[in-house]
Amino acid sequence: MVCPMRETDLYAPIKAHLQRQGYEVKAEVGKADIVALRGDEPPVIVELKTGFSLSLFHQCIDRQLITDDVYLAVPRKTGKPFQKALKENKKLARRLGLGLISVRLSDNLVEVHCDPAPFKPRKQAKRKDKLLREFARIDGDPNMGGATRHGIVTGYRQDALKCATYLANAGAEKGAIVAKATGVKRATAIMRANHYGWFDKVEKGVYALNEAGRKGLADWAHSLG
């Protein structure tokens with residue numbers, strides 16, 4: 001019978017890790033799971049849990065009222081789900097100014113993934129530019145704070161709808177003419193890529209709206225301003 005994992009299983013390896021750095025370590029001091037002291041330095045607090053949880057972050061944030069040096073610690077597991085959780089929770093820990101520790105219980109390996117430090121995110125100009133381009137590309141506010149019944153309305157979909165609307169009225173037409181009539185510069189590329197399955201290629205550079213496209217127009221008619 002396999003014994004269930006306990007928070008206390010993390011204590012001994014973390015205590016040993018801190019002692020090797022010259023700390024005096026005690027468990028269950030006040031509300032803190034682990035407190036470590038070294039000379040006149042501020043105390044180090046470590047909160048233990050058997051897995052990532054919102055309550056663990058809440059506890060650590062509360063301990064920041066005592067000291068800036070607060071860590072959360074969880075057992076290290078195998079598999080992609082844990083790796084993904086570790087990556088995402090490391091981001092959250094860094095944003096909150098917390099440290100993050102994992103313990104591999106098979107051999108008591110302690111790994112510090114990040115130390116407590118003030119967080120200042122580096123802005124990514126490319127992401128900002130992409131966001132602003134998409135904002136400018138969307139006509140009106142079709143999503144109304146969330147996805148529509150058929151999904152999210154993007155600028156790309158609106159451009160495809162403009163092409164589909166034109167073809168529904170004019171019949172098969174050259175991409176260059178559709179682009180000029182609709183103002184969608186990438187009309188030919190959109191109809192050629194045919195991500196939504198709305199367009200049929202009649203001949204080189206000429207496209208027509210198919211039945212899926214007509215249904216798409218009916219489903220997404222509200223999406224165009």
Side-chain angles (χ1 to χ4, degrees), residues 51-54 57 61 77-98 100 113-114 117-225:
F52 293 112
S53 68
L54 189 57
F57 282 96
I61 291 170
K77 302 175 184 177
T78 59
K80 291 183 178 180
F82 177 79
Q83 291 301 322
K84 181 179 179 182
L86 179 64
K87 181 179 179 181
E88 294 302 318
N89 283 285
K90 180 180 175 181
K91 288 182 183 178
L92 180 56
R94 289 183 61 205
R95 182 169 287 276
L96 295 173
L98 299 169
L100 172 58
H113 299 278
C114 64
F119 180 74
K120 185 177 181 181
R122 291 191 303 170
K123 301 298 187 291
Q124 296 186 2
K126 288 184 177 179
R127 287 193 176 187
K128 176 184 175 183
D129 291 343
K130 183 179 179 181
L131 177 70
L132 294 178
R133 285 197 304 272
E134 181 64 10
F135 185 93
R137 189 176 182 183
I138 296 174
D139 290 337
D141 185 20
N143 293 303
M144 299 298 290
T148 68
R149 184 163 61 93
H150 297 286
I152 291 290
V153 180
T154 62
Y156 186 93
R157 188 181 291 278
Q158 285 186 325
D159 285 347
L161 285 166
K162 291 173 185 177
C163 296
T165 300
Y166 180 84
L167 294 179
N169 295 319
E173 190 57 271
K174 290 183 178 180
I177 294 176
V178 176
K180 184 176 181 180
T182 61
V184 178
K185 295 180 180 180
R186 300 183 67 248
T188 301
I190 288 172
M191 293 187 292
R192 181 173 59 244
N194 198 21
H195 289 306
Y196 306 123
W198 294 351
F199 308 106
D200 289 336
K201 184 178 179 180
V202 177
E203 57 183 273
K204 185 176 181 180
V206 178
Y207 297 88
L209 189 68
N210 59 30
E211 285 305 312
R214 295 184 188 281
K215 183 178 185 302
L217 277 178
D219 289 342
W220 297 88
H222 64 285
S223 303
L224 292 175

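Side-chain atoms are counted along with the backbone in the values below, which use heavy atoms only and exclude waters and symmetry mates. No experiment lies behind these values; they were computed from the predicted model shown.
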Please find the pair of heavy atoms, one from [X] and one from [Y], that lie closest to each other, and give the distance.
X: Val202; Y: Tyr207; answer: CG2-C, 4.2 Å
X: Val206; Y: Ala172; answer: CG1-CB, 4.1 Å
X: Ala208; Y: Leu167; answer: C-CD1, 3.9 Å
X: Asp139; Y: Lys162; answer: OD2-NZ, 2.7 Å
X: Asn169; Y: Thr165; answer: ND2-O, 3.1 Å

Under 4.5 Å between any side-chain heavy atoms of Glu134 and Tyr156, yes or no? no
Min side-chain heavy-atom separation Asn89-His113 under 4.5 Å: no
Could you grab the distance from atom [atom1] of [X] to atom [atom2] of [Y], nearest 0.5 Å is fine?
X: Glu88; Y: Phe52; atom1: CD; atom2: CZ; value: 10.5 Å
X: Lys77; Y: Leu86; atom1: NZ; atom2: CG; value: 11.5 Å
X: Leu161; Y: Gln158; atom1: CG; atom2: CD; value: 7.5 Å
X: Leu92; Y: Phe57; atom1: CG; atom2: CZ; value: 4.0 Å

Under the rule for salt bridge (Lys or Arg N to Asp or Glu O under 4.0 Å), what residues qualify as partners of Lys180, not counting sequence neighbours? none
Donor-acceptor pair, Asn194 side chain versus Phe199 backbone, under 3.5 Å? yes
Take Trp198 and Leu217 through the side-chain contact (heavy atoms from CB on, under 4.5 Å) test and state the conclusion after the steps. CA-CA 9 Å; Trp198 294 351; Leu217 277 178; 6.0 Å; no
Quick check: are there more than 12 heavy atoms from other residues, nucleotides or ligands sitting under 6.0 Å from CZ of Arg94? no
Show me, pair by pair, the donor-acceptor contacts under 3.5 angstrom made by side chains of residues 182-192, not counting sequence neighbours?
from	atom 1	to	atom 2	distance (Å)
Thr182	OG1	Val178	O	2.7
Thr182	OG1	Val184	N	3.2

